[in-house]
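The structure under discussion appears below in the form of structure tokens.
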There are 2 protein chains.
Amino acid sequence: MNSHLSAKGLQRHQLARATGCHLETIRYYERIGLMPDPPRSTSGYRVYDEAHVRRLRFILRARELGFGIDEIRGLLQLVDCRSQTCAEVQRRTEPHLAEVRAKIADLQRIETTLVTMISQCSGKNVPECPILDALAA
Amino acid sequence: MNSHLSAKGLQRHQLARATGCHLETIRYYERIGLMPDPPRSTSGYRVYDEAHVRRLRFILRARELGFGIDEIRGLLQLVDCRSQTCAEVQRRTEPHLAEVRAKIADLQRIETTLVTMISQCSGKNVPECPILDALAA
DNA sequence: TCTTGAGCCTGTACTCGCTACAGAGCCTAT
DNA sequence: ATAGGCTCTGTAGCGAGTACAGGCTCAAGA
């Protein structure tokens, strides 16, 4: 007879595959309210559609960009209630950019330190380690 | 009589204050072996010195830069075993450097994305926000 | 001297953002 | 009819801390 899924519905593993998301993470996002509770087939299987795919991609990309769950919740609220605006999203995004830049700067500093140390260690014994001072300073 | 701390020893909260570290985190690092078990006063209080301050700063800075505990353990081994040859130091440092560079690259990708999105965003009070669209795409 | 209050001690439980698993049910193919 | 692979639920575990309970110690003030 009918498949247990209606016309174009996706199963959980299909949604996972379509987004690169871990299987269990989908359920987790539903539990914490980032993803909506999806409709169910007669036997209780979750049934997803393209809207779910897009929303999950949004969440995953935002996570990748370093947004925390609560920040994403905020961004999704902007998506959900279209009353809010571009200005608001920009306001939320800018501090995040500053943070990313600070991290880059920090890492470039340690990169320099590591490079320096490696170049200083060309074949002799190491009486002291410059990493400690560079980091602890 | 004597203070319960010897000459220049620091108490836990003093070490915390000197490094900006959370009080309990110090104990945690001791438990997992990143920080050594410090000497104790007669009544069992931990007694720290400048070496502890420097080591803890090292750890905190490395954590801030995204190193995992095990990576930091590796870096600290470089610090601890100063009797090793340069070749050995290099061998153990280079993977860390590669990792730092990979992180920088990732963060720069994120930075570019955020900059692009913000610049496309008008900042006006309109509901069509390119950041949301860029993320959801 | 006694009391107060801040600091210390230990152990354990909680957080966040997942991830894994147990034990059950369902669906399709052979 | 049975094997296998998927689904369901609930719950436990992880890393890296953070918080708290219940008790001990110490320095300073009344």
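Residue numbers start from 1 in every chain, and the chains themselves are labelled A, B, ... in the order their sequence lines are given, proteins ahead of strands. The figures here come from the full heavy-atom set of this structure, side chains too, leaving out hydrogens, waters and symmetry mates.
- Phosphate contact (OP1/OP2 of D:dC8, side-chain N/O of A:Ser43, threshold under 4.0 Å): absent.
- Residues passing the salt bridge (charged side-chain N to carboxylate O under 4.0 Å, His left out) test with A:Arg91 are A:Glu88, sequence neighbours excluded.
- Minimum heavy-atom separation, B:Gly9 to B:Val47: CA-CG1, 3.7 Å.
- If you take CZ of A:Arg40 and P of D:dT7, they are 12 Å apart, rounded to a whole angstrom.
- Side-chain N/O atoms of A:His22 include one lying less than 4.0 angstrom from OP1 or OP2 on C:dA20.
- The side chain of B:Leu23 lies closest to C:dC8 when the candidates are C:dC27, C:dT10, C:dC8.
- Qualifying salt bridge (charged side-chain N to carboxylate O under 4.0 Å, His left out) partners for A:Glu71, counting only residues two or more places apart in sequence or in other chains: none.
- Set against D:dG17, C:dC26, D:dT7, the side chain of B:Arg63 has D:dG17 as its closest nucleotide.
- Remark: P of C:dG17 and CG of A:Asp70 are 6 Å apart, rounded to the nearest angstrom.
- Under 4.0 angstrom from either OP1 or OP2 of C:dC8 there lies no side-chain N or O belonging to B:Arg46.
- To the nearest angstrom, P of C:dC8 lies 11 Å from CG of B:Leu10.
- Of all non-hydrogen atoms in B:Asp49 and B:Ala51, the two that sit nearest each other are OD1-N, 3.0 Å.
- In this structure, A:Glu24 atom CD and D:dC8 atom P are separated by 10 Å, rounded to whole Å.
- Listed in residue order, the members of residues 25-33 of chain B having a heavy atom less than 4.0 Å from DNA chain D are B:Thr25, B:Arg27, B:Tyr28, B:Tyr29.
- Here C:dG17 presents its C1' atom at 10 Å from CG of A:Leu34, a figure rounded to the nearest Å.
- For B:Pro39, the side-chain contact (heavy atoms from CB on, under 4.5 Å) criterion is met by B:His52, not counting sequence neighbours.
- Applying the salt bridge (Lys or Arg N to Asp or Glu O under 4.0 Å) test to pairs two or more places apart or on separate chains, those with a residue in residues 11-26 of chain A are A:Glu24-A:Arg27.
- Spacing between atom OH of A:Tyr48 and atom C1' of D:dC6 amounts to 14 Å, rounded to whole angstrom units.
- Rounded to whole angstrom, the span from the OH atom of A:Tyr45 across to the P atom of C:dA24 amounts to 16 Å.
- At the phosphate of D:dT7, OP1 or OP2 sits under 4.0 Å from a side-chain N or O atom of A:His13.
- The interatomic distance linking B:Ile59 (CD1) with D:dG15 (C1') rounds to 16 Å, in whole Å.
- With sequence neighbours left out, the salt bridge (charged side-chain N to carboxylate O under 4.0 Å, His left out) criterion links B:Asp37 to no other residue.
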